[in-house]
2 protein chains.
Amino acid sequence: MSKQTILVVDDEQDLLDLIEYNLKKEGFKVLKAENGEQGIMAAREHKPNLVLLDIMMPKMGGIEVCDQMRSDPELKHIPIIFLTARSDERTEIEGLDKGADDFITKPISTTKLISRIKAVLRRFDENQEQVQVLEVHDLKIDKDRYIVLRGNEEFQLPRKEFELLYYLASKRGKVRDRQTLLNKVWGDNIYVVDRTVDVHVRKIREKLGDHYIETVKGVGYRFKE
Amino acid sequence: MSKQTILVVDDEQDLLDLIEYNLKKEGFKVLKAENGEQGIMAAREHKPNLVLLDIMMPKMGGIEVCDQMRSDPELKHIPIIFLTARSDERTEIEGLDKGADDFITKPISTTKLISRIKAVLRRFDENQEQVQVLEVHDLKIDKDRYIVLRGNEEFQLPRKEFELLYYLASKRGKVRDRQTLLNKVWGDNIYVVDRTVDVHVRKIREKLGDHYIETVKGVGYRFKE
DNA sequence: GTTTGTTTTGACAAATCAAATAAGATTAAT
DNA sequence: ATTAATCTTATTTGATTTGTCAAAACAAAC
C-alpha cells in the first residue's frame with residue numbers, strides 16, 4: 001500500500017510543524033500550506049487523500065477554502081477535517097453544511113488527531129468499495145478475507161506470506177528484487193535482511209506448490225504469467 | 001424525495017409557532033402537539049420522520065412520551081430530539097438512556113435546530129439501510145430485539161457483544177482489524193484499547209461456540225462464510 | 001570438473017500475537 | 001444502597017509467525 005498524502009493548511013507555523021512531525025511518524029506523506037490560497041493550489045497540484053483545514057486564517061478562511069474545493073470537480077471528493085479554535089457553534093454548523101467530514105478542536109491531542117484522520121480515511125475508502133480479489137491461474141487471492149482459494153481448497157496463509165503473494169500476484173509477470181519486495185510488503189523504514197524474502201517465498205511454495213512464484217537468479221522473484 | 005414530516009411537541013404555543021415557521025421554511029412538513037397525550041396520538045396517526053419533544057411539560061413529560069414511543073413497535077424507530085430548558089445533566093442522561101437521538105437546549109438557535117435535525121435524519125437514513133434481522137448459518141441475529149436465536153435456543157448478549165457480532169456478521173467473510181471494529185461498534189471518537197475487542201470476541205464465543213468468529217492472526221477478526 | 005555466485009533448505013532464535021485470566025471500573029438492576 | 005452485570009484494562013501464557021544463520025544444493029561460467 002503506497003503512502004497516503006495529507007495536506008495541512010494552517011497559518012501557525014509551529015502547529016504546522018507539530019502536525020507534520022506526528023503524521024510523518026504515522027507513515028503519512030505530508031504537504032503544508034500557510035494560507036488558504038496556497039492550500040487550494042497544493043490541493044489542485046497534488047490531489048491529497050485528505051485535507052486538514054484551519055478555520056481561522058487571515059484572508060481566505062477555512063470555510064471558504066472548503067467551499068472552493070467542493071465546487072471543483074477534481075477536489076470535491078477529498079475529505080476535509082476542520083481545525084477550530086474552540087467549539088464554536090456557528091462555524092461548526094456552517095462547516096458541516098459545507099461538507100466537512102469531521103471537526104477537531106484545538107488544542108489538538110495527537111492521538112485523537114491521528115485516530116480521527118484514520119477514521120475518516122477508512123470511512124471514505126469503504127465507500128469506494130473496491131473488490132480486492134485477484135484471480136490468477138487457478139488461484140483466487142482475496143484480500144478482503146485474507147484467504148487464498150484454489151477450487152474449493154482454502155489456504156490460510158499467515159499475514160506476511162499472504163501479503164507477499166498478493167503483491168507479487170498483483171504485479172504478475174514482473175520481476176521484483178528483494179529490496180523492493182521488502183519496501184512494498186514490509187514497509188519503508190523497516191530493516192530486515194533481504195534473505196528473509198527467500199524464506200517467505202519458500203513457505204508459500206510449501207503450501208501452494210512451486211508453480212506460482214519463479215526465481216530469477218541474481219534479480220529477484222516473479223509471479224508466473 | 002417527498003417531504004419529511006416532523007412532529008413538534010411543546011406546551012408553549014409561541015415556541016411551537018416559531019419552530020413551525022422555521023421548519024416549513026426548510027421544506028419540512030410540520031405537525032404540532034401541545035402536550036404529551038396529543039403527541040403520542042399524533043405520532044400513532046401520522047408516523048412522522050422525527051419528533052421534537054419538550055422535556056418539561058405538565059402532566060405527561062417528554063421522557064414519558066419517549067418511553068411510550070419506544071415501547072410501541074410501530075413508533076420505536078422514530079428518532080427523537082429533546083428540547084430542554086437548560087443543560088440539565090440529569091435529565092439529559094436519563095433521556096439518552098431512553099433512546100433520545102439528540103438534545104437541544106433552549107433558547108433555541110434556529111440554525112442549530114435545523115442542522116441537528118438534518119444530522120439526525122441523515123444518520124437515521126444510513127441505519128435504515130441495515131437489515132434488522134440477519135440470518136447467517138444457523139443464527140438469527142435480531143437487531144430489533146437485541147437477541148440471537150439458534151433453533152429455539154435464545155441468547156441474550158449484552159450490548160457490545162451483540163453489536164460486535166452483528167457488525168461482523170453483516171460483513172460476513174470479510175476481515176476487519178481491531179481499530180475498524182472499534183470505530184464501527186464503539187464509535188469514531190471513543191478511545192479504548194484495541195485488545196478490548198478480543199475480550200468481547202471471547203465472550204461471544206463462550207456463549208455461541210467458537211465456530212462463528214474466526215481469528216486472522218496479525219490482521220483481525222472475520223465472521224465465517 | 002572446478003569455481004563462483006546464488007538460492008534453497010533445515011534448524012533455530014526472536015518477536016509477535018491472541019487466548020485466557022483476573023481484577024478494576026463503570027453501569028444497570030434490585 | 002447494595003448487588004449484579006457489563007465493560008475495560010492489565011498480565012500471563014502458549015502458540016504461531018517472523019527473522020536469522022549457515023550448510024547444502026544448484027546453476028552458470030570458466
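Here is the naming used below: chain letters follow the sequence lines, and residue numbers restart at 1 for every chain.
Between the side chains of A:Gln156 and A:Tyr146, not a single donor N or O lies within less than 3.5 Å of an accepting N or O. Side-chain contact, A:Thr180 with A:Asn183: no donor N or O sits under 3.5 Å from an acceptor N or O.
The nearest whole Å value for the distance from the CD atom in A:Glu163 to the P atom in D:dT18 is 9 Å. Rounded to whole angstrom, the span from the CG atom of A:Leu164 across to the P atom of D:dT18 amounts to 11 Å. Nucleotide D:dG19 holds its P atom 13 Å from the CG atom of A:Leu181, rounded to whole Å. Taking atom NE2 of B:His200 as the reference point, atom P of D:dA5 lies 17 Å away to the nearest angstrom. Going from atom CG of A:Asp194 over to atom C1' of C:dT6 covers 12 Å, rounded to whole Å. Atom CG in B:Asp198 sits about 12 Å away from atom P in D:dT9, given to the nearest Å. B:Ile213 places its CD1 atom 14 Å from the P atom of C:dA18, with the value rounded to the nearest Å. Rounded to an integer number of Å, the gap from CZ of A:Phe155 to P of D:dT17 is 15 Å.
Comparing D:dT18, D:dC7, C:dT8 by their nearest atom to the side chain of B:Pro158 picks out D:dC7. Among the nucleotides D:dT8, D:dT9, C:dT8, the one closest to the side chain of A:Arg205 is C:dT8. Considering only side-chain atoms of A:Val192, the nucleotide from C:dG10, C:dG5, D:dT20 that sits closest is D:dT20. Distances from the side chain of A:Thr196 to the nucleotides C:dA18, D:dC7, D:dT20 place D:dT20 closest.
For the pair B:Arg159 and C:dT27, the criterion of a side-chain N or O lying under 4.0 Å from OP1 or OP2 is not met. In this structure, A:Trp186 reaches the D:dG19 phosphate: one of its side-chain N or O atoms is under 4.0 Å from OP1 or OP2. Taking only side-chain nitrogens and oxygens, A:Arg195 never comes nearer than 4.0 Å to OP1 or OP2 of D:dC21. Neither OP1 nor OP2 of C:dT6 sits under 4.0 Å from any side-chain N or O of A:Tyr221.
Comparing A:Gly218 and A:Glu206, the nucleotide of DNA chain C nearest to each residue sits closer to the 5' end for A:Gly218. Residue order along DNA chain D, read from the 5' end via each residue's closest nucleotide, puts A:Leu157 first among A:Leu157 and A:Lys217. Ranked by how close their nearest DNA chain C nucleotide is to the 5' end, B:Arg202 and B:Val216 are led by B:Val216.
Between A:His137 and A:Tyr212, the ring planes lie perpendicular to each other; the angle is over 60°, past the 30° to 60° tilted range.
Within the 4.0 angstrom heavy-atom criterion, base atoms lie near A:Lys203. Among the protein residues, B:Val199 comes within range of the nucleic acid bases, having at least one heavy atom under 4.0 Å from a base atom. Backbone-only contact: B:Thr215 has heavy atoms under 4.0 Å from sugar-phosphate atoms and none from a base.
Between A:Arg145 and B:Glu225 there is a salt bridge, with a side-chain nitrogen of the basic residue lying less than 4.0 Å from a carboxylate oxygen of the acidic one.
Of the options B:Arg205, B:Lys203, B:Lys207, a salt bridge (Lys or Arg N to Asp or Glu O under 4.0 Å) to B:Glu161 is made by B:Lys207 and by none of the others.
The heavy-atom pair separating A:Val197 from A:Leu164 by the smallest distance is O-CD2, 4.3 Å.
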